[in-house]
Structures are given as C-alpha cells and as structure tokens.
Undergrad: 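Supplied in structure tokens, the structure appears directly below.
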Number of protein chains: 2
Amino acid sequence: MRLVIANCSVDYAGRLSAHLPLATRLLMLKSDGSILVHSDGGSYKPLNWMSPPCYITFDEPDQTQTDAGITQVWKVTQKKTDDVLVVSIYDVLHDSSHELGIDPGLQKDGVEAHLQKLLAEQITLLGDGHTLVRREYMTAIGPVDILARDSGGAAVAVEIKRRGDIDGVEQLTRYLELMNRDPHLSPVQGVFAAQEIKPQARTLAQDRGIRCVVLDYDAMRGLDDSDSRLF
Amino acid sequence: MRLVIANCSVDYAGRLSAHLPLATRLLMLKSDGSILVHSDGGSYKPLNWMSPPCYITFDEPDQTQTDAGITQVWKVTQKKTDDVLVVSIYDVLHDSSHELGIDPGLQKDGVEAHLQKLLAEQITLLGDGHTLVRREYMTAIGPVDILARDSGGAAVAVEIKRRGDIDGVEQLTRYLELMNRDPHLSPVQGVFAAQEIKPQARTLAQDRGIRCVVLDYDAMRGLDDSDSRLF
DNA sequence: TATTAGATCTCGCGC
DNA sequence: GCGCGAGGTCTAATA
C-alpha cells in the first residue's frame, strides 16, 4: 500500500461525471491497483475512488499542465466499464509505501451467535415450562433464531439481537406473519430478546403483541457449562 | 489526519458484533475523531470503522494485554448509538500526521437527473404529439419525475430510472393510484422509462397496464443543445 | 455467471 | 429532527 498526501485535483468519468477542485488530500493506492481519495472528514466513503480490477499509469504532465503547476498525472482506468479517474498532482507532501499482506478478514456476529446458543440452552429464561424446538428454524424468508413452545405447547418464535432496535422488531414481525399462515404452527407468539432494548423498539413490539426479554449476557455465560470449563 | 500502519486486532460492538484477527493494517484517524481500518485490498469500504461524531481515547494496556504483546489500546465510542470500537495495537510500523484542511467537496452530475432533463426536452420520445406539463410534479406521497399529456390530452405520469427494476414499477404504481383519484388528472397513463428494463420489471409493468420505454442515453445526449455547444 | 436482498449502508433533500 | 429515495451504491449468497 502506498500513501500519498498531496495537493491535487481529481476528475472522474464513468457512470457519472465528477470533479474535485484543488485541495490537499490523502491518496491511498492499494496493491490491487485500486485507489481511494480521502479528505480529513466525512464518513468511510472516499471523496472519489476506482474499484479493482483497474490499471494505473503515472504520466508526465504536458506543457499546459506543467504551466498550471501540475507535476504528475495519474490515470486509473477500469477496462470493463470504461470508467476513468484522473488525479492531477501539484505538490507531494508525503509519500510512503508499506507491506501489509493479505488480511484474514472480518468475523461478524460473534456475540449474537453466542447469545443464541446460550438462550437455547437456558430456554426457560423465556418462562417456566418453555421447551426448545430448534435453533435457526427455517422459513421461506430466512431462519428464525429460535423456535420454542411454551408450557401450554403453543409455538414461540424468538428473534435475538445484541441491541434491540426497531429493525429487529420489523424482522420478527415478517417472520411471525409468515409463520402464522402455517396451520401446524399458528398461533405463534413472538419474543424479542436482546441485551438491551431501545424504548422505541419496545413500544413497537408491545404494540404488535410481541414480548420483550432482556438478556443478561454475563449471567447467562456464568451459568453455561462449556464456558465454566474454561476456568 | 493521522496515518498509522500497525499490527493490530480490532473489535466492534454496536449494531452488530465483529472481530478482526491480528494482522498489519492501515489505521486512518480523521480530525473529526472518526477512524477507518483498511487492508491492502478490497473496495473502498474499510474492514471496520467508526463514524463521526465519536471520541477516541488512547489507553495503556493492562497486565494481561501487555503479556499478550499489546502496547496500546485505542477505544473509540459513539455516545448516541453506544457503539464502541477497540483497536489493540501490537507493533507500530509507521506513524505520521498531516494537515489537510477542509475539502471543497465533490461536484457531480448524476445520470438520472440528466436523463430527466433530456426526456423533458425530448418529450415526444414518449410518442408523437406528447407535451410536457412539468418535471417533478408534486403528489402527496412525493414527486413524479415527469407529468405529460398525450396527443389526445390525457395525463401521462413518467417514472425515470437508470436501471428499471421492480421497485421502480411499485413506486410508479403508488403514484398512479393516487393520481387516478384526482378528477382533474384521471385517467392517468403510466410510463416506466429507463436505460435498461429488467425482464421481471417489464412483466410487472405490463401486467399493471404501465407502458415501458427504453431510453438511449447517448442518443438523447447527442440531440441535446446544451451538450452540443461543447463541441 | 447473473440475480436478489441486506447493509454498522452513506448521502442528500424535503418536511 | 426524521423519513424517503438514490447510489459510480457495495457485498454476499443463491440459482
């Protein structure tokens, strides 16, 4: 990876046309040929960029460009889409290269998966007499985290989140609507289980007849056999 | 902006939980407190990040962490959402800071806006005798891209997309339903106009009596006066 | 390989 | 402030 801090202007032409006026920016060149142009603010999205696979050429400026103060011209092209990004560099304030190697990549959902496993083992946290049917119960629109039955044998669908937000309630609502059409399951009671449930999510859930259960991760972990073996 | 190349592991907990195993990465700290963790590949999206507004603290590792080889612990928190990002740093390979100043920002010319302008100017692409009523015709649920009248004076509502997908047909359907309740407009004919129309979208549109028109962007641009002045 | 639905979406506009 | 629509969306999973 090469990092360059430079005064530059940038032009992009492809699915749209865009221009960045002269200013100081970070140019990040990745080893796959891609390039990112970042300012010192905003979110994770660069001001401009070119996605791989693409090719970059480092050209000398022509006379007109030299007269304007341009010292280097980088041209990045993506052959498939005919996109082109041109970086016109005036002054280079920093330039360094680094070997990073390939990244092992992001592991998602560690805590949520663990919560699901623990709640399946401690299913009576949902209420006395509850029994587990199965985890990741499959429906046409995706798996419900946990399917259980209450003391009376009625179906209970559980959606588990680390943080209970409105979109989680919406997700559970979609599952419930579908499952309640199945005569083998209906009526299905919904349970929204999370370490923390936002007031808006709780209100929405209650409005839809969905029960909210706050999970104590540390307490659940303390009761878990496989965890206690670690100590 | 501060750029750090370091061996590090990263943990995020917020709307989801995620973990990055130990590897060499770029840590970009922006002046608004936000942080981006980039690898030497992939797209413009960082492996992990924290969006502003957020606060960062640089802590000393505890004994357990020190024994594991951790030399610094960065904790980035977003107060509003309770998100937290923890960067555990082992070795620092590069560390530099740079003044970038505020960026003038990106100037862009979107394709959809341009398509709308061009179609308004070349409204007879919808059929002989068509006349423009107005662009961005306002309804209670949002603006219809173009309102026109056909050769017989009947209202025509046009939804323009770069890529014609099912959701675009749904959007137009909602507008038509509303507009057809207005005695001044009814009956309103629907036209779904796009550079490319997906087969499923076309089928749905036809099923609902909505006409499909494929737009040739380059041809339309070639006919446009303001563009031809450039040559 | 193409299509579809989700995203820690982001970004911008209108209210 | 929130909600909605668009994005050079991107990205992963699936047919």
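Naming: A, B, ... by sequence-line order, numbering from 1 per chain.
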Undergrad: Expressed in angstrom and rounded to an integer, what is the separation of A/Y44 atom OH from D/dG7 atom P?
TA: 16 Å
Undergrad: In whole angstrom, give the distance that lies between atom OH of B/Y175 and atom P of D/dG5.
TA: 6 Å
Undergrad: Using whole Å, report how far CG of A/D165 lies from C1' of C/dG6.
TA: 16 Å
Undergrad: OP1 or OP2 of D/dG5 versus the side-chain N and O atoms of B/R174: is any pair under 4.0 Å?
TA: yes
Undergrad: May I ask you to evaluate whether A/S43 reaches the phosphate of C/dC9, defined as a side-chain N or O under 4.0 Å from OP1 or OP2?
TA: no
Undergrad: Indicate yes or no: does B/E136 engage B/R134 in a salt bridge with an N to O separation below 4.0 Å.
TA: no
Undergrad: Nearest-Å distance, CD (B/E170) to P (C/dA5)?
TA: 11 Å
Undergrad: Closest nucleotide of DNA chain C for B/L47 versus for A/K80: which of these residues is on the 5' side?
TA: A/K80
Undergrad: Does B/Y12 reach a base, just sugar-phosphate, or nothing at all? Heavy atoms under 4.0 Å.
TA: base
Undergrad: Please work out if B/S51 contacts a base, only the sugar-phosphate, or nothing of the nucleic acid, heavy-atom cut-off 4.0 Å.
TA: sugar-phosphate
Undergrad: Can a side chain N or O of A/R163 be found less than 4.0 Å away from OP1 or OP2 on C/dT8?
TA: no
Undergrad: Charged N to carboxylate O below 4.0 Å: is that the case for B/R174 and B/E170?
TA: no
Undergrad: Which nucleotide in the set D/dC10, C/dT8, D/dA6 lies at the smallest distance from any side-chain heavy atom of A/W49?
TA: D/dC10
Undergrad: Distance check: side-chain N/O of B/Q78 vs OP1/OP2 of C/dT8, anything under 4.0 Å?
TA: no
Undergrad: For ring-ring contact (aromatic ring centres under 6.0 Å, His included), just list the numbers for A/Y217 and A/H114, CA-CA rounded to whole Å, side-chain angles, deciding distance to a tenth of an Å, and then say yes or no.
TA: CA-CA 9 Å; A/Y217 186 45; A/H114 200 193; 5.7 Å; yes
Undergrad: What is the distance from NZ of A/K45 to P of C/dT8, rounded to the nearest Å?
TA: 15 Å
Undergrad: Between atom CG in B/L172 and atom P in D/dA6, what is the gap in whole Å?
TA: 12 Å
Undergrad: What's the gap between C/dT8 and D/dA6 when it is taken at their P atoms, as a whole Å value?
TA: 22 Å
Undergrad: Would you kindly give the CZ-to-C1' distance between A/R162 and C/dT8, to the nearest whole Å?
TA: 11 Å
Undergrad: May I ask you to evaluate whether A/K108 reaches the phosphate of C/dT8, defined as a side-chain N or O under 4.0 Å from OP1 or OP2?
TA: yes
Undergrad: Between B/L178 (CG) and D/dC4 (P), how many Å, whole number?
TA: 15 Å
Undergrad: Name the nucleic acid region contacted by B/M50, choosing base, sugar-phosphate or nothing; use a 4.0 angstrom heavy-atom cut-off, strictly under.
TA: nothing
Undergrad: Would you call A/R25 and B/D103 a salt bridge, using N to O less than 4.0 angstrom?
TA: yes
Undergrad: Strictly below 4.0 Å, N to O, side chains only: are A/R163 and B/D82 in salt-bridge contact?
TA: no
